[in-house]
Every structure is written in C-alpha cells, then in structure tokens.
Protein chains: 2
Amino acid sequence: MSLRIALLGLLRASGPSSGYDLAKSFESTLNYVWQAGHSQIYPELVKMAADGLVTVEAEGARGRKVYAITPEGSAQLRGWLLEQTPSLTVRSESALQAFLLPVLDPVDAVAALERVRERYVEKVAMLETLCDEHGSKAFGRYALDHGLRHVRTTIEWVDDTIATISRDIGHGGSCDENVAD
Amino acid sequence: MSLRIALLGLLRASGPSSGYDLAKSFESTLNYVWQAGHSQIYPELVKMAADGLVTVEAEGARGRKVYAITPEGSAQLRGWLLEQTPSLTVRSESALQAFLLPVLDPVDAVAALERVRERYVEKVAMLETLCDEHGSKAFGRYALDHGLRHVRTTIEWVDDTIATISRDIGHGGSCDENVAD
DNA sequence: TAGGGCATGTAACCCGTTACATGATTGA
DNA sequence: TCAATCATGTAACGGGTTACATGCCCTA
C-alpha cells in the first residue's frame, strides 16, 4: 500500500512522470523515509493503471511512458493521508545496534558508538545541503525538517550515551553497577 | 541477518531461553526497533543451531527447548556490533505520511497532523511507563532513552509544523506562497 | 561507432506477516 | 473438565532487493 501512496504523492507533487523519473524522484526525495527500486515501481504502475489510479498520458522516445494521476488516484491519496493511522513501528538497523550495545564491554561500546556518530554527522551534513538547495519549496520541506531533527536527536543521544558509558569506565565499573541519572 | 543478531543479543542479555521466551522478549523490549514473531524465530533458531551459534541446552516440559549462545555466537555478535556499519535507511510509514502532507490543502494537513500527534502522545506515555518499570537496568536502557527522545522530537516537529501551516491558513495563503522561516 | 545514460521490464530470492494447526500443562 | 496459557511448528502470501536482460538515443 505504501508504495502506491508514495507514487501517487510524487505524481501529485511533480506532475506527470515516467517510471524512470519516479524511480529517480524516489531516490532523491523519499529516500530516507521509504525506498523502492525501478523493478518494484514499473509493475506497480501497471497495476495502478489497471485500477484506474493513474493513466498513461503519453508515450515518448525509447518506450518512455508518462503516467498521470487520475481524480480517483487523487481521492485515494487524500483519503489515505486523512484516514490512515500509520503504524508507528519503525525498523531501524542502527537503532537495533544501539539497543544491543550493553552486551559489549564499555570500551567496545564506546568505540562502536563513535563509529555510529561519524555516520550521523555525515548524514546531517548531507541533509543540511539538501535543505539549502530546496530552500522553502513546499514539497519535501516538512519531511526534510523532520529528518534533520531526528538525525540531530540521534547525535545528541550518542553523545550522552558515550558520556554515560565513559563515566562508567572511569569508575572502573562493569555493567551491573547502577547507573544513576 | 538482523534477526540473528537480535536473537544473539537477547540470549547474551537474558541467558538461555526458549523460542517462546525470545518471542516474548522481542515484543517487550526490541519491539519499537525491530519486530519478529514466533513463526520467524523458531526456524531461525534451528538454522542458528546448525551454524553453531546456539545450542539446545536443555529440553523441558511441553517440548520446551532452551537455547544457549555459544562462544562462536558471542564472537559473531561482537563482530557485528563493532564492524557492521548499519544502514541508515529507515522505513517509517508515519514519516512517509509527513512527507506527503504538502499535497493536501492546509486545513486537511492540520487535521491529519492532529491525528498523528495523538498517536505519538500515547506512545510517549507508553514508553515513559516502560521506563519507570525498567528503571536503570542496563539492558534496554539506552534504547528506551533513544526511543523516547525520538518520539518527543516527532511531537515537537508536529507542533511546529501545525503552527507553520496554521499561520499559512491565517494569511489566507495557498501553498505557493513563500513560507518564511 | 562505441560508450554512457535513458528507459523498461522479468526472475529468483529473502524476509516478514498472517493464518493454520497441534498438543501439553495448569489452575479454576 | 474446561479454559487459558505454554510451547512449537508449517504454509501461504505479499513486499522488497538483487541480478539479469534488452534496446534506444545522443554525443564524442
């Protein structure tokens, strides 16, 4: 379902596009929220056309097919956004890693956290660049803000966790010491 | 891969456990980071035993099998935590929804955001309860903290976004007005 | 005319979810 | 003895990723 909604959203926002365009849009805009490759997008567009949510508006060179969203597609998109209670479950490998850190001894845990931190600092830089490029253009603005805030939150968490664990090491402590706030 | 690591981590943290125990642990601790049901866990444990990462330590009543992590399993867990650069891609339906909000007219967008807000307020309450229960026990503490910070960040984002859009409505503005910071 | 980017598609596989199915034990 | 919970498994399905495969068009 989410793939459909994402494609309808992109078509709404960018106007008629080919599967190829949508695949690129996916990578450049939805990338850090949802992922889909062309091998998933092409068949889905065919099904969506069969369901009347999009139409092939034109066919161009190299077999290029330009899809446009139909009123029915727009209605379905709007309905989903207004009525759907999105599941709050998140699947995040890096959060899983964070969760499991306590099974390492503190020195190893700090090393692992420092690697994680580097990655997130890179990501923040990337998002800030994107932010500068897109500026206050409406589409993607809120989500970019959303993404930036989350990455910054993660970095703060990493820093605080490193501090807590380091203090533990300082105390010569192992994990069963009670860690006060 | 992640499922294996998660199971190894739980076995490390909680000691020898049955598949049933691990499924419950998953739900109560890893739940908001990674998900897995018993139908996925049982076969995986069998494969892990075949690979020498765990052993059946005992068999109890009702066919209960108690798995223990082997030194090889511990080594693999440690190796993954230290060396693996976890992918930063996150799949989040609610973030996708956030991304697509600009395709709605402002009044609808605010309505959608207010629904989202409710859900996250519930979630924060749930996590705070968990936090009180688990207290400062080492395992899960960092991740719980991680989760709480992220949910709170999301609520702040929702509030600020509602404010921005509401101001837009106040100005009688549609989306193509330039939204200043 | 050769290479790179445009453009579309299919197939195999892995992972995760939902549903189906079974049986033992315990406590009311 | 009946219901709930413990405990394990299998099967079908859907979604997503990787890899395979093809061909057109433009530019150097």
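When reading the values below, keep in mind they use all heavy atoms of this one structure, side chains included, and skip hydrogens, waters and symmetry mates. Numbers restart at 1 for each chain; the letters A, B, ... are given by sequence-line order, proteins then strands.
At whole-Å resolution of the value, CD in B/E44 and P in C/dC14 are 12 Å apart. In this structure, A/R64 places its CZ atom 13 Å from C1' of C/dG5, rounding to the nearest Å. When the P atom of C/dT25 is taken as reference, atom CD of B/E59 falls 14 Å away, rounded to whole Å. Distance NZ (A/K24) to P (C/dT8): 11 Å, rounded to an integer number of Å. For the pair B/F26 CZ and C/dT17 C1', the interatomic distance rounds to 14 Å; values are reported in whole Å. What separates CG of B/L22 from P of D/dA7 is a distance of 12 Å, to the nearest Å. If you measure from atom CG of B/L30 to atom P of C/dG16, you get 13 Å, rounded to the nearest angstrom. What separates CG of A/L96 from C1' of C/dG16 is a distance of 15 Å, to the nearest Å.
Every pair passing salt bridge (Lys or Arg N to Asp or Glu O under 4.0 Å) that includes a residue from residues 149-162 of chain B is listed here, sequence neighbours excluded: A/R149-B/D160, A/D160-B/R149, B/R117-B/D159, B/E128-B/R152, B/D145-B/R149. The salt bridge (Lys or Arg N to Asp or Glu O under 4.0 Å) analysis of residues 14-34 of chain A, with sequence neighbours excluded, yields the pairs A/D21-A/R64. Among residue pairs with one or both ends in residues 73-83 of chain A, those qualifying as salt bridge (Lys or Arg N to Asp or Glu O under 4.0 Å) are A/R78-B/D108; sequence neighbours excluded.
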Expected string for nucleotides 13-28 of chain D under the B/S/- scheme (protein heavy atoms, under 4.0 Å, primed atoms plus P, OP1, OP2 as sugar-phosphate) is ---SBBB----BS---
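When each of C/dT8, D/dG9, D/dA7 is scored by its nearest atom to the side-chain atoms of B/Y20, the top-ranked nucleotide is D/dA7.
For B/Y142 and A/T164, the side-chain atoms include no donor-acceptor pair closer than 3.5 Å.
Legend: residues meeting side chain to side chain donor-acceptor pair (under 3.5 Å) with A/R4, ordered by chain and number and at least two apart, are A/E44, A/D51. With sequence neighbours excluded, the residues forming a ring-ring contact (aromatic ring centres under 6.0 Å, His included) with B/F99 are A/F139, listed by chain and number.
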